Amino acid sequence: MSRRFKQKTRGNASKRKRSTVFIAAEGHNRTERNYFKGFIARHKNLALRMVPDSSTDPVRMAESLGDFMEESGFSSLDGDLAFCLIDHDCNHAKDDQIRQALKIAQDRGFHIILSNPCFELWFICHFTSTPKNYASSKEVLKDIIHYLPGYGKSDEDLFIRTESHLPEAIENAKKLEKRCLESGYTLHGYGFSPSTEVYRMTELMIVVNSR
């Protein structure tokens with residue numbers, strides 16, 4: 001059963017503190033870590049904490065993020081944000097796990113950010129609003145080099161290389177989501193692809209940074 005946790009405040013509320021962004025990502029999360037390290041470096045009012053867990057199971061990821069937030073003094077009053085980044089992988093078997101993760105997120109106060117097939121679709125959105133109907137994450141990874149030559153998961157300059165196209169990425173991801181909804185697909189379901197909700201977290205982070 002998911003537990004609610006008490007929020008802690010860090011220091012004097014009258015003194016401006018950096019808001020902390022907590023992120024859980026699948027596996028060893030090199031791509032997500034490198035990208036958001038670059039993002040945070042450009043947004044000086046934010047700090048980054050990655051969940052030290054290499055789980056790929058959506059339910060385990062959600063539980064680990066909730067526990068990490070509690071242990072680390074997460075506070076929405078200080079503008080903290082928390083996101084669990086899940087790849088659907090066009091895998092129908094993940095639908096039930098994602099529903100469970102969404103319930104945990106609602107109970108414990110963080111956001112599920114789903115990409116279908118995978119997070120790397122977000123990079124493709126920086127360059128086009130009409131990507132292929134990918135059948136797997138492998139197809140996305142194979143295609144991404146056409147937009148980011150020399151792309152690799154350990155690339156530490158992912159944000160720098162794509163930063164100038166961030167507004168287009170946000171708009172293109174919204175277009176993909178709208179297209180899926182208009183086609184009658186269920187949000188967060190197997191058929192809701194290609195899509196990525198990373199635009200939601202970037203918009204929230206930009207708003208919190210500007211406060």
Side-chain angles (χ1 to χ4, degrees), residues 1-88 94 96-116 118-119 122 156 158-159 163 166 169-170 173 177 187-188 196-211:
M1 181 179 294
S2 299
R3 298 173 295 154
R4 288 185 178 275
F5 57 85
K6 295 180 180 179
Q7 295 188 7
K8 305 173 185 177
T9 56
R10 298 191 301 269
N12 190 336
S14 64
K15 184 178 180 181
R16 181 68 168 92
K17 289 183 175 294
R18 291 198 296 171
S19 299
T20 301
V21 179
F22 296 81
I23 296 178
E26 294 190 2
H28 297 292
N29 57 64
R30 286 178 298 171
T31 303
E32 294 89 339
R33 181 187 296 274
N34 289 337
Y35 178 78
F36 287 109
K37 277 179 65 178
F39 188 102
I40 295 297
R42 295 290 200 193
H43 297 79
K44 301 300 184 181
N45 291 325
L46 301 176
L48 177 65
R49 297 289 303 276
M50 298 291 297
V51 176
D53 190 312
S54 59
S55 299
T56 58
D57 173 81
V59 177
R60 174 61 186 165
M61 289 173 62
E63 291 173 340
S64 294
L65 175 56
D67 291 344
F68 188 64
M69 290 162 63
E70 182 176 5
E71 294 163 1
S72 304
F74 174 90
S75 173
S76 59
L77 297 177
D78 288 335
D80 291 349
L81 297 167
F83 305 97
C84 184
L85 278 58
I86 298 174
D87 293 346
H88 199 300
K94 274 193 170 182
D96 185 59
Q97 295 174 330
I98 291 169
R99 282 192 290 269
Q100 292 180 59
L102 286 164
K103 179 62 168 60
I104 295 170
Q106 182 179 22
D107 288 345
R108 305 192 69 172
F110 60 85
H111 303 270
I112 295 292
I113 300 296
L114 194 69
S115 295
N116 198 4
C118 59
F119 176 80
W122 170 244
E156 296 184 355
L158 286 170
F159 183 75
E163 181 181 10
L166 182 58
I170 292 172
E177 185 173 280
L187 184 66
H188 300 138
T196 177
E197 296 178 321
V198 177
Y199 80 88
R200 297 179 184 271
M201 65 184 293
T202 57
E203 286 188 321
L204 282 170
M205 291 162 65
I206 290 169
V207 168
V208 169
N209 181 74
S210 66
R211 289 178 182 171

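No hydrogens, no waters, no symmetry mates; every other heavy atom, side chains included, goes into these values. For clarity, every value in this text was computed on a predicted model and none was experimentally measured. We count residues from 1, following the sequence as given.
Looking only at atom types and distance, the side chain of S55 has no donor-acceptor partner in the side chain of D57 under 3.5 Å away.
Separating the CG atom in L187 from the CG atom in L102 is a distance of 8.5 Å, to the nearest 0.5 Å. To the nearest 0.5 angstrom, E177 atom CD is 6.0 Å from E197 atom CD. The distance from atom NZ of K17 to atom OG of S75, rounded to the nearest 0.5 Å, is 11.0 Å. Of the inter-residue distances, the one linking I104 atom CD1 with I112 atom CD1 reads 8.0 Å to the nearest 0.5 angstrom. Summarising the geometry, atom CZ belonging to R99 is positioned 12.0 Å from atom NE2 belonging to H188; distances are rounded to the nearest 0.5 Å. In this structure, the separation between SG on C84 and CZ on R60 is 11.5 Å, given to the nearest 0.5 Å.
Side-chain N or O atoms of R18 include one that pairs as donor or acceptor with a backbone N or O of L46 at under 3.5 Å. Not a single donor-acceptor pair under 3.5 Å links the side chain of D78 to the backbone N or O of S19.
Of all heavy-atom pairs between L48 and R33, the closest is CD2-O, 4.5 Å. The two residues R211 and N45 come nearest to each other via the heavy atoms O-ND2, 4.2 Å. Of all heavy-atom pairs between W122 and T202, the closest is CZ2-CG2, 3.9 Å. Considering every non-hydrogen atom in both I86 and A101, the closest pair reads CD1-CB, 4.1 Å. Across every non-hydrogen atom of A25 and M61, the tightest pair is C-CE, 3.7 Å. Closest heavy-atom contact between P58 and Q97: CD-OE1, 3.5 Å.
Aromatic ring centres of F22 and F110: separated by at least 6.0 Å.
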**OP:** Please step through salt bridge (charged side-chain N to carboxylate O under 4.0 Å, His left out) for the pair R108 and E70, ending with a clear verdict.
**Re:** CA-CA 9 Å; R108 305 192 69 172; E70 182 176 5; 3.5 Å; yes
**OP:** Determine, stepwise, if the pair L65 / F74 fulfils side-chain contact (heavy atoms from CB on, under 4.5 Å).
**Re:** CA-CA 11 Å; L65 175 56; F74 174 90; over 6 Å; no
Original post:
How far apart are the C-alpha atoms of H111 and L204, what are their side-chain angles, what is the distance that settles it, and do they pass the side-chain contact (heavy atoms from CB on, under 4.5 Å) test?
Top reply: CA-CA 11 Å; H111 303 270; L204 282 170; 3.8 Å; yes
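Between D87 and K94, no side-chain nitrogen of the basic residue sits less than 4.0 Å from a carboxylate oxygen of the acidic one, so the salt-bridge criterion is not met.
When side chains are defined from C-beta on, L81 does not count as touching M201, because their heavy atoms never get closer than 4.5 Å. Considering only heavy atoms from C-beta on, M205 comes within 4.5 Å of I40 through its side chain. You'll find the side chain of L85 reaches within 4.5 Å of the side chain of F119, heavy atoms only. Residues F83 and V21 are in side-chain contact: their nearest non-hydrogen atoms beyond the backbone lie under 4.5 Å apart.
Remark: E163 CD is packed, more than 12 non-hydrogen atoms of other residues, nucleotides or ligands lying under 6.0 Å away.
The aromatic rings of H43 and F39 sit parallel, their planes meeting at an angle under 30°, below the 60° perpendicular limit.
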